[in-house]
Amino acid sequence: MSDPLRTAHTFELDPATLGEIRALLDDAFDGHFSEEDWAHGLGGVHVLVRDRAGALVAHGSVIQRRLTHAGHSYRVGYVEAVAVRPDRRRDGLGGRVMEVLERVVGRAYDVGALSASEAGSRLYLSRGWHQWEGRVEVLSPDGVVRLPEEEGSTFLWPVPDRELPSAEDALIFDWRDGDVL
């Protein structure tokens, strides 16, 4: 029997559950999960996996963002705050979380996107995510700004029956505080 999985929108999560998620993220990212990172993962659909004793062991969320590419605006399911408790890594929990998040993206958005660490990129590549090979930019308060540090860590997921954007033109993401991607 596998660990129980739950999906919920942020508004459905009580303060205690949000506190559990935040603690898991702090633990999984060795204390390097900022307040901006936390805010970026809120306002969308969360996937929570608990062990049989009820402890939170994995989490991920997908939120809506806007992306401009080659003159078109896309509704993006942006994956955030994917984490597995360190003692439960390599148990398939990240894949279970991503399976649900990808289903949400596939049914509600034009394309999926995320920014991955080098360690996390293996999971996403194994699930059919594509590493973006073009320019990454953001529509900032001062205009369009290139983000060369995000080039190589940005991944896209093809929604069924839709083509991924071509790397000939830049991906231009909407602005947000903290790390933009």
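Numbering starts at 1 and runs along the sequence shown. As a basis for the values below, the full set of heavy atoms in this structure was taken, side chains included, without hydrogen atoms, waters or symmetry mates.
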In the structure I gave you, are the side-chain heavy atoms of [X] and [Y] within less than 4.5 Å of one another anywhere?
X    : Y    : answer
V62  : E80  : no
V105 : W157 : yes
L164 : W132 : no
R65  : I63  : yes
I21  : L56  : yes
R107 : E102 : no
L101 : M98  : yes
F155 : S115 : no

Inset, instruction - May I have the step-by-step check of side chain to side chain contact (heavy atoms under 4.5 Å, CB included) for R122 and R127, ending in yes or no? - result: CA-CA 9 Å; R122 289 186 315 173; R127 298 195 56 77; over 6 Å; no

Legend entry - H59-H46 aromatic ring centre distance below 6.0 Å: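 Yes, ring centres under 6.0 Å apart.
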
Spacing of [atom1] belonging to [X] relative to [atom2] belonging to [Y], to within rounding of 0.5 Å:
X    : Y    : atom1 : atom2 : result
D177 : E36  : CG    : CD    : 7.0 Å
D51  : L93  : CG    : CG    : 9.5 Å
L156 : Q131 : CG    : CD    : 10.5 Å
H9   : S61  : NE2   : OG    : 10.0 Å

If two hydrophobic side chains count as joined below 4.5 Å and joins carry through other members, does [X] share a cluster with [Y]?
X    : Y    : answer
L18  : V45  : no
V82  : F29  : no
L24  : L5   : no
L147 : V144 : no
L48  : L25  : yes

Tell me whether [X] contacts the main-chain N or O of [Y] through its side chain, where contact means a donor paired with an acceptor under 3.5 Å.
X   : Y   : answer
D14 : A16 : yes
H40 : A81 : no
D26 : G31 : no

For the residue pair [X] and [Y], what are the closest heavy atoms and their distance?
X    : Y    : answer
D174 : V138 : O-CG2, 3.6 Å
E150 : T154 : O-OG1, 2.9 Å
P160 : G106 : CD-CA, 4.2 Å
G128 : P158 : O-CD, 3.8 Å
R66  : S73  : NH2-OG, 2.8 Å
V159 : G112 : CG2-N, 4.4 Å

Inset, instruction - Could you check whether the rings of Y78 and F173 sit parallel, tilted or perpendicular, using 30° and 60° as the cut-offs? - result: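 Plane angle over 60°, so perpendicular.
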
Inset, instruction - Please state whether the rings of Y124 and W129 are parallel, tilted or perpendicular, taking 30° and 60° as the class boundaries. - result: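 Judged by the thresholds at 30° and 60°, the geometry between Y124 and W129 is perpendicular.
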
Legend entry - Heavy atoms from other residues, nucleotides or ligands near CZ of R6 exceed 12 (cutoff 6.0 Å):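 Above 12, so yes.
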
Determine, for [X] against [Y], whether the closest basic-nitrogen to carboxylate-oxygen distance falls under 4.0 angstrom.
X    : Y    : value
R85  : D27  : no
E35  : R22  : yes
R146 : E151 : yes

Legend entry - Polar side chain donor-acceptor pair, E118 to S121, under 3.5 angstrom: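 There is no such pair (donor and acceptor under 3.5 Å, judged by atom type) between the side chains of E118 and S121.
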
Inset, instruction - Given side chain to side chain contact (heavy atoms under 4.5 Å, CB included), test R88 with D91 step by step and report yes or no. - result: CA-CA 6 Å; R88 292 294 307 270; D91 285 352; 2.7 Å; yes

Inset, instruction - Apply side chain to side chain contact (heavy atoms under 4.5 Å, CB included) to the pair V84 and V57, showing each step before the final yes or no. - result: CA-CA 6 Å; V84 175; V57 293; 5.8 Å; no

Inset, instruction - Could you list the residues that satisfy ring-ring contact (aromatic ring centres under 6.0 Å, His included) with H130, not counting sequence neighbours? - result: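 Counting only residues at least two positions away or on another chain, H130 forms no ring-ring contact (aromatic ring centres under 6.0 Å, His included).
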
